[in-house]
Asks: 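My questions all concern the structure below.
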2 protein chains.
Amino acid sequence: MKYTEAKQELIQAWGNLGSSWGLNKTMGQIHALLMISPKPLSTEDIMEELSISRGNANMNIRALMDWGIVSKVALPGERKEYFKSEKDIWALARQVARERRKRELEPILKVLKEVNEAQTDSSDESKEFKKVVKELKNFAEKSDNLLETFIKAEESWFWNTVLKMMK
Amino acid sequence: MKYTEAKQELIQAWGNLGSSWGLNKTMGQIHALLMISPKPLSTEDIMEELSISRGNANMNIRALMDWGIVSKVALPGERKEYFKSEKDIWALARQVARERRKRELEPILKVLKEVNEAQTDSSDESKEFKKVVKELKNFAEKSDNLLETFIKAEESWFWNTVLKMMK
DNA sequence: CTAAACTTTCAATACTTTCTGAAAGTTTAT
DNA sequence: ATAAACTTTCAGAAAGTATTGAAAGTTTAG
């Protein structure tokens, strides 16, 4: 396989992965492109490489910046804005974890806490509900703590511990 | 908050969470309903509780069974099929991890391995590409191992280790 | 200030996914 | 065998999401 094919395949695959990770296809593709590029790219570069419109490029670059995994670069003597991606895969993973925690875990935790306060009447349904909610809440809280630890962890410390777990 | 409100809110929230977890809203809602129900429910029960069509109910129950988190129950003396959900939250988490590994991690790993074999020419682009792919592949493999460990782990052992990690 | 260079917005459109409901298929009881 | 009870399928409708491209907005150079 040649470099250009390989590049296309990776961009494509990263786009698909994006869709299962709360990004969308285009966000994933732009991110892949920036990750493998040795130098920052402009909106036009991205439009051209991925054959997408200006509006699409602009919106998705913005969304990637909201996620905190892409940032602007000012190139000296250039008027255009250029963009680069976080390349340290660990920093990237932590950033994604941070965002997903905020977007997914926090809302459900809030609901579980609320709902855990609900009055129980004496029906079977109501008792089972209470029991399940308690377990879910407990699990969600543990997950939240674990995630927090991961987000704050230094790479080596984390891997050392994880590697121990995996023998 | 009363039980019936609380129930609706939980079902709603679990539906939203489903969407970020590779299920869809209805799958999430059906799953929530089955989780909190003290007894198995029929397709009709589900249709009624969630106000959805027969086709929709059928397809999404099926999808949940494919994921391995919902199963059929035959009630003695009843002709209808009833369904129940896995209620052990740990078993549930492991099952979801297993499916997502298969659906997300395996495909990207395959691509990374393929693409890692690509020929490098002497250009900057090509060298950077190779370097990034190597790092991604390494990370993906480590994640795969970690996930495998989790999937196979006994609850207490896993939590003991994790709790140590979290001090 | 003005014009060129560049970025952002957004209404219209294209595309994708989900849902419905009725028809077809299957199973069970008699 | 047949009819009632139940399940599955699937084409079309509805809802949701992504994309375009042109117009509006902003910044910079001179």
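A note on names: the letters A, B, ... follow the listed sequences, proteins ahead of strands, and every chain is numbered from 1. As a basis for the values below, the full set of heavy atoms in this structure was taken, side chains included, without hydrogen atoms, waters or symmetry mates.
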Asks: Decide yes or no for B:E49 and B:Q29: does some side-chain heavy atom of the first lie under 4.5 Å from some side-chain heavy atom of the second?
Replies: no
Asks: Between A:R54 and B:S51, name the one whose nearest nucleotide on DNA chain C is closer to the 5' end.
Replies: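 Its nearest nucleotide being more 5', the pick is A:R54.
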Asks: Between B:K110 and B:E114, does any side-chain N to carboxylate O distance fall below 4.0 Å?
Replies: yes
Asks: Tell me the bend of the helix from C:dC1-D:dG30 to C:dT30-D:dA1 as the angle between end helix axes, each from five pairs, rounded to the nearest 10 degrees.
Replies: 20°
Asks: Using chain A heavy atoms and a threshold of under 4.0 Å, write down where along DNA chain C the contacts begin and end, 5' to 3'.
Replies: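 The footprint of chain A covers C:dA4 to C:dT9.
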Asks: Which residue in the set B:E135, B:K131, B:E128 passes side-chain contact (heavy atoms from CB on, under 4.5 Å) when paired with A:K87?
Replies: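 Between A:K87 and the candidates, side-chain contact (heavy atoms from CB on, under 4.5 Å) is satisfied uniquely by B:E128.
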Asks: Just checking A:N56: base, sugar-phosphate only, or nothing, at a heavy-atom cut-off of under 4.0 Å?
Replies: base
Asks: Give a yes or no on whether the backbone of B:S122 and the side-chain of B:S126 come within a donor-acceptor separation of less than 3.5 Å.
Replies: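 No; judged by distance alone, with no hydrogens or angles, the pair does not exist.
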Asks: Does the side chain of B:K113 come within less than 4.5 Å of B:K137's, by heavy atoms?
Replies: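 They are in contact (side-chain heavy atoms under 4.5 Å apart), so the answer is yes.
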Asks: DNA chain D: A:R79 or A:L23, which has the more 5' nearest nucleotide?
Replies: A:L23
Asks: Output the residues of residues 25-47 of chain A in contact with DNA chain D, where contact means a heavy atom of the residue under 4.0 Å from an atom of the strand; sort by number or write none.
Replies: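 The answer is A:T26.
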Asks: Describe the nucleic acid contact of B:R62 in one word from base, sugar-phosphate, nothing, applying a heavy-atom distance below 4.0 Å.
Replies: sugar-phosphate
Asks: Can you say whether the rings of B:Y3 and A:F129 are parallel (under 30°), tilted (30 to 60°) or perpendicular (over 60°)?
Replies: perpendicular
Asks: Mind checking if B:N24 touches a base, just sugar-phosphate, or nothing, with heavy atoms under 4.0 Å?
Replies: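 Sugar-phosphate contact only - B:N24 comes under 4.0 Å of backbone atoms but never of a base.
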Asks: Side chain to side chain donor-acceptor pair (under 3.5 Å), that's the test. Do A:D45 and A:S42 meet it? Break it down for me.
Replies: CA-CA 5 Å; A:D45 294 335; A:S42 69; 3.2 Å; yes
Asks: What is the distance from atom CZ of A:R62 to atom CE of A:M27, rounded to the nearest 0.5 Å?
Replies: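 A:R62 CZ to A:M27 CE: 12.0 Å, rounded to 0.5 Å.
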Asks: So with a 6.0 Å cut-off around CD of A:E48, is the heavy-atom count from everything else above 12?
Replies: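 Not more than 12 within 6.0 Å, no.
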Asks: Just wondering, are more than 12 heavy atoms of other shown residues or ligands nearer than 6.0 Å to NZ in A:K84?
Replies: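 No - once you tally the heavy atoms of other residues, nucleotides and ligands closer than 6.0 Å, there are 12 at most.
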Asks: Would you mind telling me which residue lines up with the more 5' stretch of DNA chain C, A:G55 or A:E78, judged by nearest nucleotide?
Replies: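 Looking at DNA chain C, the more 5' nearest nucleotide goes with A:E78.
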Asks: I'd like to know if the side chain of B:D66 and the backbone of B:A63 have a donor-acceptor N/O pair within less than 3.5 Å.
Replies: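 Looks like no, no N/O pair under 3.5 Å.
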